[in-house]
J.: 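Have a look at the structure that comes next, please.
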There are 2 protein chains.
Amino acid sequence: MRSYGQYCAVAKALDAIGDRWTLLIVRELAVRGTCRYTDLRNGLPGIATNLLADRLRDLEDKGIVRREAAPPPIATTVFQLTDRGEELRPILHALGRWGASLMFEPADGEAFRGHWFSLPAELFLADHEPDAQPITIELRTGEQPMLIETADGEVHARPGTAEHADAVITGTPQLVLGVLTAKLGLTEARDLGLRYDGAPEALRRIQPRAAGVD
Amino acid sequence: MRSYGQYCAVAKALDAIGDRWTLLIVRELAVRGTCRYTDLRNGLPGIATNLLADRLRDLEDKGIVRREAAPPPIATTVFQLTDRGEELRPILHALGRWGASLMFEPADGEAFRGHWFSLPAELFLADHEPDAQPITIELRTGEQPMLIETADGEVHARPGTAEHADAVITGTPQLVLGVLTAKLGLTEARDLGLRYDGAPEALRRIQPRAAGVD
DNA sequence: CGGCATCCTCTTTGATACTG
DNA sequence: CAGTATCAAAGAGGATGCCG
């Protein structure tokens, strides 16, 4: 992209990461950690493959992404954020907070990936009983299942399934996100097609308490 | 811009404000408050006028900007951020912090506007003696002069000149920003062409103390 | 299969000129 | 002042091909 040519920190940041798709690539690397090219493509539905290659080169040149030959057992290259790239997290967080209120509009036909739950989990969920036994909630949204786990007062999400989850939530991403962030009541969500198996206490333990997701 | 079509808060935020120039328009309205079309054009060197008009329409449609006929004495329309638009400030701040480290590279031939100092003033400067008499520093960078003022422990910048400034700093934007953020020592900056008139204590009172601008 | 490069079309931009 | 109109150039999107 052509530079804005302005001596302003915001303009300079946008010169570096304002290109279309760029911040979404950073999002993928931020929430998933080390990724192969194919992982990135899968996590970025809609991107043209040549564009992904272009952007990765740009990001590498700018010191935001590091490309590495994966350790011996695997014969592939992997991509990960550099320290400078990790410093972009506050930007992703600010965007995620602002964008959160757009998540409860229709949104039909949109692509979804389970690991995208990592962002709202970090931003909006917290363990209100950090000293109690940790809990696990499994999310099933039609995509790859995700686990929500408590640790050190925080809530994290990672791909996987649990043998003894404290709760299992099944439904569309909107409904699951709605109940997680307490934007939607559990009974209301059930009427809309959500399935919740387990103790409601598990959910209440991590839901945002104050102003909610906005 | 075409939507990313992803059910993710970051993608949705970028759908709304990821267009080229959009966040810079928001920056202008955020640091200057109410603006006329011409003010925006002046604060956005390089933008094509049709693009500015397009973006303003988009932003209005999205509820980020409000367009108003100015009160009677003035015969013009003015633009300002809505509440939803004000909520974009954390994004600008995150971008500004990340972009700050790009401000000390060559950067020749870049456009500059004095009011852009408002952002770094808010982000990096603080009054370390909030109970003492407020101070004023005048910045002269070849553009419109700016005043740096202390109030309630914070530091703000606004266009203007002062009769009795505690210090007057004259030089290129890089040099002025360098000494303000303590990235550059005063004597070093003087060797590079900066002029500082007044008490060095004024500068030290507001400079970042800890890790600096990075 | 993973990791691109090419080709082509379509959309967005940038620059400039013009208007109520 | 506050835009619209026009047009060339750049960039994005989509399909496909290549190569270890």
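Protein chains get the first letters and strands the later ones, always in sequence-line order, with residue 1 at the start of each.
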J.: Is it true that B:Arg195 and B:Asp197 have a side-chain N and a carboxylate O under 4.0 angstrom from each other?
T.: yes

J.: Mind grabbing the angle between the end helix axes of the helix from C:dC1-D:dG20 to C:dG20-D:dC1? Five pairs an end, 10° rounding.
T.: 30°

J.: Specify whether B:Phe79 and B:Tyr37 have parallel, tilted or perpendicular ring planes, treating 30° as the upper limit for parallel and 60° as the lower limit for perpendicular.
T.: tilted

J.: One character per nucleotide, please: for nucleotides 5-20 of chain D, 5' to 3', B when the base has a protein heavy atom closer than 4.0 Å, S when only the sugar-phosphate does, - otherwise.
T.: BB-----SSB-B----

J.: For the CG atom on A:Asp61, are there more than 12 heavy atoms of other groups (residues, nucleotides or ligands in this structure) within a distance under 6.0 Å?
T.: yes

J.: Name all residues meeting the side-chain hydrogen bond (donor to acceptor under 3.5 Å, both in side chains) criterion together with A:Asp58; count only those two or more places apart in sequence or in a different chain, and write none if there are none.
T.: none

J.: May I have all residue pairs that pass side-chain hydrogen bond (donor to acceptor under 3.5 Å, both in side chains) and include part of residues 143-153 of chain A, sequence neighbours excluded?
T.: A:Glu149-A:Arg158

J.: Let's go through B:Gln80 and B:Arg32 carefully: what are the C-alpha distance in whole Å and the side-chain angles of both, what is the deciding distance for side-chain hydrogen bond (donor to acceptor under 3.5 Å, both in side chains) to 0.1 Å, and is it a yes or a no?
T.: CA-CA 9 Å; B:Gln80 53 192 298; B:Arg32 303 219 295 191; over 6 Å; no

J.: Reading DNA chain C 5' to 3', which nucleotide is the first, and which the last, to come under 4.0 Å of any heavy atom in chain A?
T.: C:dG2 to C:dA15

J.: May I ask you to decide whether A:Glu68 forms a salt bridge with A:Arg66, counting only side-chain N to carboxylate O separations under 4.0 Å?
T.: yes

J.: Identify whether the distance between the nearest side-chain nitrogen and carboxylate oxygen of B:Arg89 and B:Glu87 falls below 4.0 Å.
T.: no

J.: Check the pair A:Ser3 / A:Asp15 against side-chain hydrogen bond (donor to acceptor under 3.5 Å, both in side chains), numbers first and verdict last.
T.: CA-CA 5 Å; A:Ser3 163; A:Asp15 279 346; 3.0 Å; yes

J.: What pairs with A:Leu102 under side chain to side chain contact (heavy atoms under 4.5 Å, CB included), at least two apart in sequence or on another chain?
T.: A:Trp98, A:Glu105, B:Lys12, B:Arg84

